[in-house]
Amino acid sequence: MKQDQILAEVSEIIRDVLDQPNLQISAATTARDVEGWDSFNHINIVVAVESRFGIKINTAEIEELKNVGEFVELVKRKLSAR
Amino acid sequence: MRLADLYWLPDAADLTERLRHASRDPAPQWDELVRLANCRLDFVQTNRLDRALQRCRIDDSSARVLKLAVLSSSTVDHLLPGCRVAALRRNLHLRTFAGNFGMYLQDLQDEDSALHVFDPDVLLCAFHAHHLIGNPAPTLAAGESDALVDQAADRIVQVWRLIRQSFQGQIIQQNVLPVCHNIVGSNEHRLRSAAGSLVERLNARLRELADEQRVDIIAVDRVTRDDGLRAWHDPSLWHRAKQEISPVAAPAYGELVARLVAAQQGRSSKCLVLDLDNTLWGGVIGDDGLEGIKLGQGSALGEAYVDFQHYVSALGRRGVILAVCSKNDPQNARLPFDRHPEMVIKSEQIACFVANWDDKAQNLRSIARQLNVGIDSLVFVDDNPFERNFVRRELPSVAVPELPDGPEFYARCLADAGYFEALHITSEDQERSSHYQANMAREQLRSSQTDIRSYLQSLDMELRWQPFDRVGMLRIVQLINKTNQFNLTTRRYSESEVDAMMRDGSTVTLQLRLVDRFGDNGMIGVVVGRLQGDSLHLDTWLMSCRVLGRQVEEATLNIIVSEAKRLGASYLIGEYLPTQKNVLVREHYRKLGFQLDDEADDGASRWLLPVEEFAGRPTFIRQTRAS
């Protein structure tokens, strides 16, 4: 799967979890930029991405993520490692 | 196919669009939200629907409002949307409260706490293994490890006791999620001090204690055994957020909670309506004939249908009403029941058998009418997607499971869908199918005898009555909490409240059984009257619909009046409180000769009967005081 396609799907999941259909998201977006993206919703986003792509992201990996772009990069790595 | 996926709920093609619409709608409609809740939703969709639900003006709906408080040793906030949406699925409006995790003892003991202010109707307790048994050393002696189990069980019982001191409502105990890893292996139980062994014994102990104390269990140990623990519990979420149940499983967890709440409210489904061809046997009886259909030994498929029939039959024998709704020639449809040696379900078990070429929605309405059950208490099982969708569209309140492909999965699907969740199994439940069978015999007698009076006379009826007692308690509480149609006030009471009535000298309590020449109908009526001044107020009067039209109401009134006289009351005061389901009894008191005293705008009414002027209503029922 291409990186921009993953970005599109991850962005859609973030919009769904936060229930903000019009939210603009880019690779540079961080949780702090977005209203409502708290620790509670952060877990929901990670879990929803795991379910959607059939991958497992471990605790250490989650703690290292800085922005949406790194998240997408991680998903891509996990997908190609399968 | 995991319970966690809610796979029996149908996928809606336009779900995304409808959810988006509900998200944008400043005041979404309750009915549309109920319809959405009855589609298959993942946890993100559940949370979105829940947000729309928070904006819904509930006053517009006729849904019952209930308050659920969760007392927990871990994070549960992420589970609450699942609980609320699962209640919504059942047309129940659930408000929720979760205290800070681990603070439940303080919350219970402090009468000014937010928990007490919330004043819950239902209390759900969920404690994790580590909280209850810590990290037990596997070197503990057997006796010490048993003591550990006892202490943990005592702590939970103590919580129940504290709850009962302050609250009247239902207590639900989630049992202990078996998250401990084996240190021995398959024979883990041989090391009694292993954490896994302790949890297993604690869960067994909790089941006994819950039965003693009338607490309802959410069996997460069994669900995770079937589904796999990984679908429900994620260790990384446990460490990050103290979520014992993963958000992915939150919709299913909510289902388990809502089932118990609904069962307590008398909202579990009552009747399983079955299609025949390719549902109970393979093939089409009208085309393939008795020899051609697949049923029984000889083919794997035939054996799978037999297995499903065994499951259905077991449901029937524990009290679920069974009915048939098939597009068939009636003679063909009955053929396997009468002549096929491998049929497990017998025609005597089918309370209502409908085989014709009319549309199934119409037939389902007629089945509900004939059985005197609400249309929303039907579950319709049909292998044909066309029929399923047609019924869903025409009768949205009928539950129609999305059957998996292949009869070998049908039983699992019905079990996972939990439509018939029951809290107590009484002997009446187990005899119910035979009650309905006897009813069909009575109906046939009635249709052969157009003269209703001579029909009633021929039944040789006896109404046996007595005050509430311990023996009848389970059934009395069950009737009070699940009777919807013939119920004048629909007041629900817990066992402890019923117990208090029983002991109160100024309260008249009646339990009534009807016996006739076709058999014992079991306990079919409950009355509670409270003496206030010179009047006996009829707080509760309910009756099972299966004895409608048989003068039981009149005979019951005769008994009530004699009891009122015994207490020295001059008046009976009757009350009708309208609900969505009890329009049947709106004119009940008028029919019995009461005078209308007062009527409110919402249709609630108050009725008066002077005891002295009451001459007794003539019936064909003998009234006997049981010991």
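Every heavy atom of this structure was used, including side-chain atoms; hydrogens, water molecules and symmetry mates were not.
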Per-residue contact mode, Leu18(A) against chain B (heavy atom under 4.5 angstrom): backbone
Run the numbers on Lys56(A) and Arg230(B) for side-chain contact (heavy atoms from CB on, under 4.5 Å), then give the verdict. CA-CA 12 Å; Lys56(A) 192 84 199 86; Arg230(B) 286 162 189 79; over 6 Å; no
Which atoms of Glu12(A) approach chain B - backbone, side chain, both or neither, heavy atom under 4.5 Å: side chain
Quick one: side chains of residues 98-107 of chain B, donor-acceptor pairs under 3.5 Å with protein atoms, not counting sequence neighbours, listed by atom name and distance.
residue   : atom : partner   : partner atom : Å
Tyr104(B) : OH   : His131(B) : NE2          : 2.7

Pair Asp42(B), Ser51(A) - check side-chain contact (heavy atoms from CB on, under 4.5 Å), show working. CA-CA 10 Å; Asp42(B) 65 21; Ser51(A) 306; over 6 Å; no
Verify the neighbour count for atom CZ of Arg55(B): are there more than 12 heavy atoms of other residues, nucleotides or ligands below 6.0 Å? yes
Need one label for Asp77(B): side chain, backbone, both or neither, based on atoms under 4.5 Å from any heavy atom in chain A. both
How would you list, in number order, the residues of residues 14-27 of chain B that have a heavy atom less than 4.5 Å from chain A? Arg20(B), Ser23(B)
Interchain contact, Gln45(B) with chain A, by part (heavy-atom threshold 4.5 Å): neither
Which answer fits Arg48(B), side chain, backbone, both or neither, if we ask what part of it has an atom under 4.5 Å from a heavy atom of chain A? both
Out of curiosity, Asp19(A) CG to Asp50(B) CG, how far, rounded to the nearest 0.5 Å? 10.0 Å
Non-hydrogen atoms of Thr59(A) and Arg240(B) that approach each other most closely: CG2-CG, 3.8 Å
Name the option with the most non-hydrogen atom pairs under 4.5 Å to chain B; the candidates are Ile62(A), Asp16(A), Ile57(A), Val17(A). Asp16(A)
Side chain from CB out, backbone as N, CA, C, O: work out which of these in Asn58(A) comes under 4.5 Å of a heavy atom of chain B, or both, or neither. neither
Taking side chain as everything from C-beta outward and backbone as N, CA, C, O, which of these in Glu50(A) sits under 4.5 Å from a heavy atom of chain B? Side chain, backbone, both or neither. side chain
Neighbour count above 12 (heavy atom, 6.0 Å) for Glu35(A) CD: no
Could you state the interatomic distance from CD1 (Ile43(A)) to OG1 (Thr75(B)), rounded to the nearest 0.5 Å? 8.0 Å
